[in-house]
Amino acid sequence: QVQLVETGGGLVQAGDSLRLSCTASGRSFSSYAMSWFRQAPGEERKFVAGINWNGDTTLYANDVKGRFANSRANGKNTAFLQMNSLKPEDTAVYYCAGLLSTVVVRGTDDYDDWGQGTQVTVSS
């Protein structure tokens, strides 16, 4: 099991950027695929972006493709989500999640370990 802590959320204006970080402790971080999900009020938790264990495979939801970028620093046990050109509809609680696998997947139910979430609010 790995413990995950997200940081970097906040209140920004439309068009601004934010970088979220997810720092892991516990088992070997480099053994984990890492993904980001978000949940807006009254909605289900949805996949945003994911990255495999060594960073050579990334996945994105269609509505963030071209604006968000996934990366990781295994030596620092940290995954990142760079969010550019933010829109009000990006407002949500963002969660990072880890899967003990070399392969990154999109399914919420596939992930075993979750952070506590960080709020991102984008004003118009």
Side-chain angles (χ1 to χ4, degrees):
Q1 189 175 15
V2 63
Q3 290 76 45
L4 304 172
V5 177
E6 303 98 334
T7 57
L11 171 62
V12 297
Q13 294 186 333
D16 286 350
S17 298
L18 275 177
R19 189 174 81 155
L20 305 183
S21 299
C22 175
T23 302
S25 60
R27 297 183 62 176
S28 177
F29 178 72
S30 61
S31 300
Y32 283 74
M34 297 298 299
S35 285
W36 293 89
F37 293 79
R38 66 186 181 188
Q39 188 168 19
E43 297 185 8
E44 294 183 350
R45 193 171 297 187
K46 298 178 182 178
F47 176 83
V48 175
I51 189 166
N52 76 327
W53 72 280
N54 66 355
D56 66 1
T57 300
T58 54
L59 301 177
Y60 296 96
N62 287 337
D63 55 354
V64 306
K65 198 173 295 184
R67 299 188 297 122
F68 290 12
N70 236 345
S71 62
R72 65 190 296 160
N74 285 345
K76 296 182 178 180
N77 285 4
T78 304
F80 303 98
L81 183 66
Q82 177 67 43
M83 305 186 295
N84 300 324
S85 302
L86 283 161
K87 305 175 181 180
E89 50 265 44
D90 294 318
T91 295
V93 177
Y94 283 70
Y95 299 89
C96 69
L99 172 63
L100 187 60
S101 172
T102 58
V103 178
V104 59
V105 296
R106 298 173 183 264
T108 306
D109 293 341
D110 292 316
Y111 286 80
D112 301 315
D113 300 303
W114 292 84
Q116 82 289 349
T118 185
Q119 177 71 46
V120 172
T121 303
V122 185
S123 63
S124 58

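No hydrogens, no waters, no symmetry mates; every other heavy atom, side chains included, goes into these values.
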Checklist entry - Is the closest side-chain heavy-atom distance between V122 and V120 below 4.5 Å? => result yes
Checklist outcome for this item: dist E6:CD -> C96:SG (nearest 0.5 Å) comes out at 4.0 Å
Item to check | Side-chain touch Q116/V5, heavy atoms, less than 4.5 angstrom | outcome: yes
Checklist entry - Do the side chains of E44 and T108 get nearer than 4.5 Å, heavy atoms only? => result no
Checklist outcome for this item: d(T121 OG1, L86 CG) to nearest 0.5 Å is 10.5 Å
Next on the checklist: Is it the case that the side chains of R72 and N70 hold a donor-acceptor pair, with the cut-off being a distance below 3.5 Å and no angle test?
Outcome noted: no
Checklist entry - Has the side chain of R106 got a donor or acceptor atom that lies under 3.5 Å from a matching backbone atom of S35? => result no
Checklist entry - Salt bridge between R38 and D63, side-chain N to carboxylate O under 4.0 Å? => result yes
Checklist entry - Y94 vs F68 aromatic rings, parallel, tilted or perpendicular, using cut-offs 30° and 60°? => result tilted
Checklist entry - F47 pairs by side-chain contact (heavy atoms from CB on, under 4.5 Å) with which of V64, D110, L59? => result L59
Checklist entry - In Å, rounded to the nearest 0.5 Å, how long is the span from CD1 of I51 to CE of M34? => result 10.0 Å
Checklist entry - Quick one: CG on L20 to CG on L81, what's the gap to the nearest 0.5 Å? => result 5.5 Å
Checklist entry - Is the shortest heavy-atom distance from the side chain of W36 to the side chain of M83 under 4.5 Å? => result no
Checklist entry - Do the side chains of V48 and L99 join up, straight or via other hydrophobic residues, at under 4.5 Å, putting them in one cluster? => result no
